[in-house]
Amino acid sequence: MKKISMTTPIVEMDGDEMTRILWKMIKEELILPFVDLKTEYYDLGLENRNATDDQVTIDSAEATKKYGVAVKCATITPNAARMKEYSLKEMWKSPNGTIRAILDGTVFRAPIIVKGIEPNVRTWKKPITIARHAYGDVYKASEMIVDGPGKAELVFTAEDGTEKRELIHNFKGAGVLQGMHNLNSSIESYARSCFAYALDTKQDLWFATKDTISKKYDHTFKDIMQEIFDAEYAEKFKEAGITYFYTLIDDAVARVMKSEGGFIWACKNYDGDVMSDMVSSAFGSLAMMTSVLVSPEGYYEYEAAHGTVQRHYYKHLKGEETSTNSVATIFAWTGALRKRGELDQLPELMEFADRLEAATIRTIEEGKMTKDLALITTLEHPVVLNSRDFIKAIREQMEK
């Protein structure tokens, strides 16, 4: 069979642990036999990030600006235990946070709906898409450990040397400090991405923060979103028959749990991180969610929304069998290949991505699945497959 041709490379960002193992299997079984794959490869495994002082992460983001489309494997964000395990020079920051800061986009995450995997929330009938602001907050924060009594202040020094000060706290003993920031320009880009995505998908848009407590930081988000909506999108939303509204994050959580779904829930960076895991898990599995970073400049980075599956990796190293769900990683590849085909006007590549997604869903709906799905499926007598055999079962569907 003649392989499908590509003209422009995709930026390929390899990752860590079990997802790195799955990454290789997916390429070997599901992509390379069918596509003459062109990628510019970057190894974002923790060892290489450490060896390059994390320059490889920056380089991969800059390459995404060059080529427009990237696909990323899950990566480790190191903690103290990882520092020791990998003998790191320093506790490198989240590669996702670094890439998102450079590309300045919005992360859209939506569950993959499959018959036989029913949502845990009985009212949910349609997918809920999380729109996560992808810049700043705790992911670009500066932190400090306070050893004893003293005064902490927030200080801003303008270019002309003038200062603005705000008391944070008079410490009577030890504690911790964290300084976060955001940019009006990034919030504006986020707002336009959310409104445009809502119009494209004809879905209502919710936005939620905690402006009653954060009267400057969160309130700035609320104000910018509303100003841009009123000036640029209100009439378009009316014509499309969809709505935009703001609510407090705690009220949004309560409303989401009683909704039917079928809308976009826009969140700040940390809220979107947490709530996307809640939504994906409640729809079935963390490994059953698509994730794409969309930049206002037209850059796209597709990834799995879950972690590196550390526990399964340690089993794999011992030679033990694993049954790891690769669906989100497969859909990261299909999303990137479809977008590359769209941008380069290669309908065969777009159709391949559609076929691979359909084959993946059909495999599960026929009762062949990984252990995490077998434990929650409503299908009778599911066949539990190990990590490689599940991917091979999808390959068989493709060849049919």
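We're numbering straight along the sequence, starting at 1. Excluded from the calculations below are hydrogen atoms, water molecules and symmetry mates; all remaining heavy atoms, backbone and side chain alike, are included.
Under the ring-ring contact (aromatic ring centres under 6.0 Å, His included) criterion, F108 pairs with Y197, not counting sequence neighbours. For S185, there are no side chain to side chain donor-acceptor pair (under 3.5 Å) partners at least two apart in sequence or on another chain.
Salt bridge absent: E90 and R82 never bring a charged side-chain N and a carboxylate O closer than 4.0 Å. D16 and R20 are not joined by a salt bridge, as no carboxylate oxygen comes within less than 4.0 angstrom of a charged side-chain nitrogen.
Heavy-atom neighbours of E399 CD from other residues, nucleotides or ligands within 6.0 Å: above the threshold of 12. Residue K222 places its NZ atom among more than 12 non-hydrogen atoms of other residues, nucleotides or ligands, all under 6.0 Å distant. Environment of CZ in R255: crowded, with over 12 heavy atoms of neighbouring residues, nucleotides or ligands closer than 6.0 Å. No more than 12 heavy atoms of other residues, nucleotides or ligands shown are found within 6.0 angstrom of NZ on K126. Counting heavy-atom neighbours within 6.0 Å of M91 CE, excluding the residue itself, gives a total above 12.
A donor and an acceptor atom, one from each side chain of T123 and E260, are nowhere located under 3.5 Å apart. H316 and T322 share no side-chain donor-acceptor pair at under 3.5 Å. For the 3.5 Å distance criterion, the side chains of N386 and S323 fail to qualify, holding no donor opposite an acceptor.
Between H169 and L177 there is no side-chain heavy-atom pair separated by less than 4.5 Å. Residues M288 and N325 have side chains in contact (heavy-atom distance under 4.5 Å, counting atoms from C-beta outward).
For Y233 and Y244, the gap between ring centers reaches or exceeds 6.0 Å. Remark: aromatic rings of F221 and H133 are close, center separation under 6.0 Å.
For R100 and Y190, the positive end is not near the middle of the six-membered ring at less than 6.0 Å and at most 45° from its axis.
Taking the six-membered ring for Trp and thresholds of 30 and 60 degrees, F263 and W206 have nearly parallel ring planes, at less than 30 degrees apart.
Test T98, L88, D43, I76 against R49 for side-chain contact (heavy atoms from CB on, under 4.5 Å) and you get one pass: I76.
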